Amino acid sequence: MPLESTTHSLIPRPGRSSAGASFVPCLLLAALFAAAPPPAGASYPEPGPPAASATSLPAQPDIFPLQLPGLRLDAPSPVAPGSRTEFRAEYPKEPGSGVPAFVLQRGEYGGSGYKLLVEMGDLQLKQTRNTLQEVRGRGGRFSFLTGSFGNRATLETFATSDAHGEGADDTLVGATGELSLLDESASFKTILLSGRKSLDREGRWPAAGARRGDVAGFVAQLKPLKGLVAAEAEYDCSSYDASTSDLTSPMRDTAYRLKLSGGWGPSRYTALYERTGPRYLLMSAGPPRDREGGSFGVETVLALHAFDVKLSRYNDNVENNPLAPRANRYEGVFGYRFRGVKMLPLALQYRKTVIDSGREPLGTLPKDVAEDAVSGQLNYLAGSWDLGVRGGMSQRIDRLRQQRELATTSLGFLPRFSAGSFTLLPDLSLKRITDFNAAQRTDQYALNLGVSGKLLEKRVDYEIKGGYKRECTGVPGTGKETFGAKLKAVYPLARFFNWSRQPSLAVKGEYNEVNNLTEDRRENDFSLLISLDGGSFL
C-alpha cells in the first residue's frame with residue numbers, strides 16, 4: 001500500500017526548544033560521557049543499513065534508511081553541540097484510519113572522530129541471508145561509530161517486539177560489531193541475535209513455554225584488488241528450541257558460504273559455494289535447509305548486445321542419511337538482450353534443468369527428470385505507446401521412461417498507453433498446460449484492463465481495474481471462471497483545511513465473483529466504502 005509521509009526535522013537554535021528536539025540529544029549526551037572520544041581527524045562515510053549478503057533476496061523498495069544530512073567527523077559541527085533530531089510519520093493513503101502506519105524518531109550526535117545514533121519506533125532490521133533476512137518491528141536501535149585514517153569501527157545494538165508480525169509477544173534482540181580497515185579493503189563483522197515467541201495466545205511464557213532461536217554469524221570481506229576480485233566468507237551457528245517448556249534439547253547446526261566476485265572491462269563474474277545443515281533453523285525466514293552446492297555466473301555487455309550465463313549444481317541430504325536418497329539439481333541459464341534498435345528492445349532466455357537422484361535406499365525408485373524452457377519478450381516503443389509481446393514454452397521429460405510429463409505454452413500481449421496523468425493498461429494472456437501422465441489439458445485465458453489518472457484539474461486521483469479469467473479442461477461442465485473489479489477515487493480537501501496532514505474524501509468499491517463449474521458452486525462478494533478522512537492537526 002503506498003504511503004504518504006509527514007516529516008519534521010528539529011534543529012536546536014537559541015531561543016527555540018521542543019520536547020521532541022531535546023529528548024534524544026539528552027539521551028545521547030548521557031551515553032557520550034561514558035565513552036572516551038577517539039583521536040581527531042576521523043573521516044568515513046555516513047552510516048547506512050547493513051549490506052545484504054550476495055545470496056539475500058532482492059530487497060523491496062521501502063522507506064529505510066532515513067536519509068539525513070550527516071555530520072562530517074573531520075570538520076566542526078555547524079550547529080552546537082553537534083546534534084540533530086528527526087521525527088517521521090507515514091500515513092496510509094487509504095482513508096478511514098487516523099493511525100500512522102509508520103513512526104520513527106531518530107537522533108544523532110557527532111563529535112571529533114565519533115558519532116552516536118539513536119532510533120525509536122518502527123524499525124527495519126536486515127543482516128545476512130543466513131542470520132536475519134528482513135523483519136520489521138517496533139523498538140529501539142543504538143549505534144556508535146568511530147574511525148580515523150581510512151579505518152572504521154561500528155557497534156550496534158537493537159531490540160524490537162512483534163518483529164514477525166504475529167503478535168505482541170514476539171521479541172528480538174541483537175548486537176553487531178564491524179571493523180573496516182584500509183578504506184574498506186578488509187572488513188570483519190560479528191552478528192549475535194536472539195528471538196523468542198510465546199506459545200500461548202495470552203503470552204504466558206512460564207506456563208506455556210516459548211519458541212526460542214539464537215544465531216551467531218561471522219562475516220569477512222577482502223578486496224585486495226578493488227573491482228577485479230573480492231572475496232567474502234560467512235560462518236553461522238544456530239540454536240533452535242521449538243518449546244522451552246519441554247525437556248527436548250534445542251536443535252543446533254551450522255551454515256557457511258564462500259563467494260568470489262569481480263570483473264574486468266564490461267564483464268562481471270560471480271562464484272559461490274554454500275552449505276546449510278539439515279537442522280539449521282531460524283525464528284524468521286532462513287535459507288533452504290539440508291542443501292549444498294555452488295553456482296558460477298558471467299555477464300558481459302557489448303555495444304548493442306548483452307549476454308549472461310549462469311551454471312549451478314545443488315544437492316540435498318548433505319549428511320548422507322542412509323534412509324533417504326540424495327537429489328541432485330543441475331541448472332544452466334543463458335540470457336541475451338539486444339539494444340541495437342532503440343524502439344525494439346528484445347530479451348531472450350533459455351533454461352535447462354536436470355534433477356536426478358543417487359544413493360537410493362532399498363525400495364526407493366530412482367529419479368531422472370529434465371526440463372527445457374525458452375522465453376522471450378519484444379517491446380515496440382512509439383511515443384506514448386509501449387506495445388509488448390511475451391511468450392514462452394517449456395517441456396519436462398522423464399528420462400528413465402523416455403516420455404514427456406508436462407508441457408506448457410504461454411503468450412501475452414502487454415500494451416501500455418501514457419499521456420500526462422492518464423494511463424491505460426490492458427493485457428491479454430493465453431496459457432495451455434498439458435499433463436501427459438493424467439492425459440489432461442488445461443487452457444487459461446485472462447483479460448485485464450486498468451485505467452488511472454487525475455480529474456477536475458488534477459485534484460481527484462482515480463483508479464479503475466477489471467479482469468476476467470477462465471480455466472477450462474475440455475471436459476463439458478468443468479473449469480472455473482473468475483471476475484473482479486475495483487474502483488478508487490480520492491478527493492483532497494486541502495483548500496478547506498490548513499492541517500499538517502490534509503483530509504480527503506474517498507470512494508472505494510470492489511467486486512469479486514468465482515464460478516466453479518466443476519463443483520457447480522458460485523461465490524461473489526461486493527463492498528462499497530465512502531469515507532471522510534479527517535486528517536491530523538499535528
Side-chain angles (χ1 to χ4, degrees), residues 5-51 62-90 100 102-127 136-160 173-180 184 187 189 191:
S5 63
T6 302
T7 304
H8 303 282
S9 294
L10 306 176
I11 303 176
R13 293 183 175 89
R16 291 187 59 184
S17 64
S18 65
S22 59
F23 175 73
V24 174
C26 293
L27 181 62
L28 298 178
L29 286 174
L32 175 62
F33 285 110
S43 176
Y44 46 83
E46 288 301 309
D62 46 47
I63 53 179
F64 296 91
L66 296 178
Q67 299 297 329
L68 283 176
L71 300 173
R72 290 181 55 86
L73 302 183
D74 55 356
S77 173
V79 180
S83 62
R84 185 179 183 87
T85 66
E86 182 188 56
F87 175 78
R88 186 169 182 177
E90 302 275 347
F102 164 83
V103 291
L104 183 67
Q105 174 80 36
R106 175 171 178 170
E108 62 179 76
Y109 183 93
S112 178
Y114 68 92
K115 178 177 288 189
L116 302 175
L117 294 103
V118 172
E119 292 177 314
M120 293 175 290
D122 294 305
L123 303 177
Q124 176 191 0
L125 304 174
K126 181 188 300 184
Q127 298 297 330
R136 300 191 181 192
R138 181 157 294 181
R141 174 163 48 189
F142 172 81
S143 303
F144 173 76
L145 303 93
T146 184
S148 62
F149 305 110
N151 303 321
R152 175 168 54 94
T154 305
L155 176 63
E156 180 181 272
T157 62
F158 52 84
T160 64
V173 297
T176 65
E178 183 175 4
L179 178 63
S180 178
E184 299 184 352
S187 62
K189 186 174 184 178
I191 304 169

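Everything quoted here is computed from the prediction, not taken from an experiment.
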Interatomic spacing from [atom1] in [X] to [atom2] in [Y] - rounded to 0.5 Å:
X	Y	atom1	atom2	result
Thr146	Leu155	OG1	CG	11.5 Å
Glu86	Glu108	CD	CD	9.5 Å
Glu178	Ile191	CD	CD1	9.0 Å
Leu116	Leu145	CG	CG	8.5 Å
Gln124	Thr160	CD	OG1	12.0 Å
Thr157	Arg141	OG1	CZ	10.0 Å

What are the two closest heavy atoms between Leu179 and Ala153, and how far apart are they? CD1-CB, 4.3 Å
In terms of heavy-atom contacts, Tyr109 and Ser83 come closest through CD1-CB, 3.8 Å
Close side-chain approach of Arg136 and Asp122, heavy atoms under 4.5 Å: no
Do Gln127 and Lys189 come close enough that some side-chain heavy atom pair is under 4.5 Å? yes
